[in-house]
K.L.:
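Sharing a structure, written as structure tokens. Questions coming.
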There are 2 protein chains.
Amino acid sequence: MKTTGEIIREKREKKGLLLRHVSAQLDIDTAILSKIERGERKATREQITKLADILELDKESLLIQYLSEKILYEIQDEDLGIQALKVAEKTIKYGVTKNK
Amino acid sequence: MKTTGEIIREKREKKGLLLRHVSAQLDIDTAILSKIERGERKATREQITKLADILELDKESLLIQYLSEKILYEIQDEDLGIQALKVAEKTIKYGVTKNK
DNA sequence: TTTACATTTGACAATTATTGTCAAGTTAAT
DNA sequence: ATTAACTTGACAATAATTGTCAAATGTAAA
């Protein structure tokens, strides 16, 4: 499966846009967008939705990919990561969030 | 399923330990431990393993619960959270982490 | 080949989030 | 009423994230 960065870079290039075009719209330096595309930095959630707009990418799929990477980042090099994921899934399916 | 905080509080009380006893061993103020137990603050990973030692709790289960709460925190009030979880799970099962 | 432009890199600054202290406020049992 | 345990909230310290900038590197056309 393609990473968020790969999805963004591929679509940007397909549209013939330069880093400076897109980063200007995001109001950040080209350096950051470069890093985001190469997976060296994470985007913010806001940047992801803006990118979906700018590049005409499906917002939901992009967000799902982005969020899944955030999750994986949390459990990187945790032996118990998979088990934690399963518990999280059960919890969310069961009763959503616990309210006082 | 019990939250990390509930597990900790219940076991601490079962052992007859006061907040100040345990928080001293963790080298933090009682206020923080109080908040951790009530779910108002997240513990650090290190605090979790220390708490497992101090309270003689199973380290793995406590960590799994703790990590799953961190994951759920990341996707709280995200409509696409469940889907992101599933993608994360597939990814982790597939090839672990991507190496250049 | 050098000029021109796009991208990358890395040091560092700004900003934001997390983790902590402290002191005053509750609660509950005498 | 006193005392001890716990809670609360304002704020300080620390750490992580997000950003800028300038120099370095790649790339291709003239």
Side-chain angles (χ1 to χ4, degrees), chain A residues 3-52 54-55 62-63 66-78 98-100, chain B residues 3-52 54-55 62-63 66-78 98-100:
Chain A
T3 66
T4 307
E6 286 166 354
I7 295 166
I8 292 166
R9 172 148 296 186
E10 282 175 21
K11 194 68 189 291
R12 175 177 64 78
E13 291 179 341
K14 192 169 294 172
K15 300 199 105 192
L17 296 170
L18 299 178
L19 285 176
R20 86 183 131 79
H21 296 139
V22 176
S23 62
Q25 293 203 66
L26 292 176
D27 194 29
I28 55 173
D29 196 90
T30 57
I32 295 183
L33 184 53
S34 167
K35 286 168 186 170
I36 289 169
E37 287 186 346
R38 285 171 302 106
E40 197 186 306
R41 287 275 182 103
K42 284 177 294 183
T44 65
R45 211 208 112 110
E46 205 187 8
Q47 286 163 351
I48 291 296
T49 58
K50 278 190 191 166
L51 282 165
I54 296 167
L55 301 175
L62 194 64
L63 264 172
Y66 168 71
L67 291 171
S68 87
E69 282 167 23
K70 281 189 76 176
I71 290 167
L72 289 170
Y73 180 81
E74 282 302 308
I75 58 176
Q76 75 186 159
D77 45 60
E78 284 287 352
K98 181 164 185 177
N99 311 314
K100 88 176 286 192
Chain B
T3 66
T4 308
E6 285 166 355
I7 295 166
I8 292 166
R9 173 148 295 187
E10 281 175 21
K11 193 70 188 291
R12 175 176 65 79
E13 290 178 342
K14 191 170 295 175
K15 300 199 104 187
L17 296 170
L18 299 179
L19 284 178
R20 81 182 135 81
H21 296 139
V22 177
S23 62
Q25 293 202 66
L26 293 177
D27 193 31
I28 54 172
D29 197 89
T30 58
I32 295 184
L33 184 54
S34 166
K35 286 168 186 171
I36 289 170
E37 288 185 347
R38 285 170 302 103
E40 196 186 307
R41 286 275 182 104
K42 283 178 295 182
T44 64
R45 212 209 112 111
E46 203 186 11
Q47 286 164 351
I48 291 296
T49 60
K50 277 191 191 165
L51 282 164
I54 296 166
L55 301 175
L62 194 64
L63 264 173
Y66 168 72
L67 291 172
S68 87
E69 282 167 20
K70 280 188 77 177
I71 290 166
L72 289 169
Y73 179 81
E74 282 300 309
I75 58 175
Q76 74 186 160
D77 47 61
E78 285 285 354
K98 181 164 185 176
N99 312 314
K100 86 173 287 194

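Letters go in sequence order (proteins before strands), and every chain restarts at 1.
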K.L.:
Check the pair B/L55 / B/I7 against side chain to side chain contact (heavy atoms under 4.5 Å, CB included), numbers first and verdict last.
P.N.:
CA-CA 10 Å; B/L55 301 175; B/I7 295 166; over 6 Å; no
K.L.:
Counting side-chain heavy atoms from CB outward, which of D/dC6, D/dT17, C/dT19 is closest to A/K42?
P.N.:
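Ranking D/dC6, D/dT17, C/dT19 by closest atom to the A/K42 side chain puts D/dT17 first.
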K.L.:
Please determine, for the side chain of A/I28, which listed nucleotide (D/dT7, D/dG19, C/dT18) has the closest atom?
P.N.:
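Looking only at heavy atoms from C-beta outward on A/I28, the closest nucleotide is D/dG19.
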K.L.:
Mind checking if B/Q47 touches a base, just sugar-phosphate, or nothing, with heavy atoms under 4.0 Å?
P.N.:
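The residue B/Q47 makes sugar-phosphate contact but no base contact.
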K.L.:
Side chain of A/R9: nearest nucleotide among C/dT9, C/dT7, D/dC6?
P.N.:
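Between C/dT9, C/dT7, D/dC6, the one nearest the side chain of A/R9 would be C/dT7.
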K.L.:
Could you tell me whether A/I32 contacts a base, only the sugar-phosphate backbone, or nothing, with contacts defined as non-hydrogen atoms closer than 4.0 Å?
P.N.:
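Since a base atom lies under 4.0 Å of A/I32, the category is base.
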K.L.:
Short question: side chain of B/S34, backbone of B/T30 - any donor-acceptor pair under 3.5 Å?
P.N.:
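Answer holds: no.
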K.L.:
Regarding A/R45, tell me which of base, sugar-phosphate or nothing describes its non-hydrogen contacts under 4.0 Å with the strands shown.
P.N.:
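Answer is nothing: A/R45 stays at 4.0 Å or more from every strand.
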K.L.:
Which nucleotide in the list C/dC5, C/dT18, C/dT9 gets nearest to the side chain of B/Y73?
P.N.:
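Comparing C/dC5, C/dT18, C/dT9 against the side chain of B/Y73, the answer is C/dT18.
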K.L.:
Taking B/E74 for the side chain and A/K70 for the main chain, is one N or O donor matched with an acceptor at less than 3.5 Å?
P.N.:
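No, B/E74 side chain to A/K70 backbone: no donor-acceptor pair under 3.5 Å.
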K.L.:
Could you work out which one of D/dG19, C/dT21, C/dT7 sits closest to the side chain of A/L18?
P.N.:
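The answer is C/dT7, which lies nearest to the side chain.
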K.L.:
I want to confirm an ordering. Mapping B/E74 and B/A31 to their closest nucleotides on DNA chain C, which one lands closer to the 5' end?
P.N.:
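Between the two, 5'-proximity favours B/E74.
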K.L.:
Counting only side-chain heavy atoms from C-beta out, which of D/dT18, C/dT8, C/dG10 sits nearest to A/R41?
P.N.:
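Closest nucleotide to the A/R41 side chain: D/dT18.
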K.L.:
Could you please name the option among D/dG19, D/dC6, C/dT7 that lies closest to any side-chain atom of A/S34?
P.N.:
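In terms of side-chain proximity for A/S34, the closest of D/dG19, D/dC6, C/dT7 is C/dT7.
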K.L.:
Looking only at atom types and distance, does a side-chain atom of A/Y73 sit under 3.5 Å from a main-chain N or O of A/K42, one as donor and one as acceptor?
P.N.:
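The answer is no, because no donor-acceptor pair under 3.5 Å joins these two groups.
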K.L.:
Which nucleotide in the set C/dC22, D/dT7, C/dT9 lies at the smallest distance from any side-chain heavy atom of A/K35?
P.N.:
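The nucleotide sitting nearest to the side chain is C/dT9.
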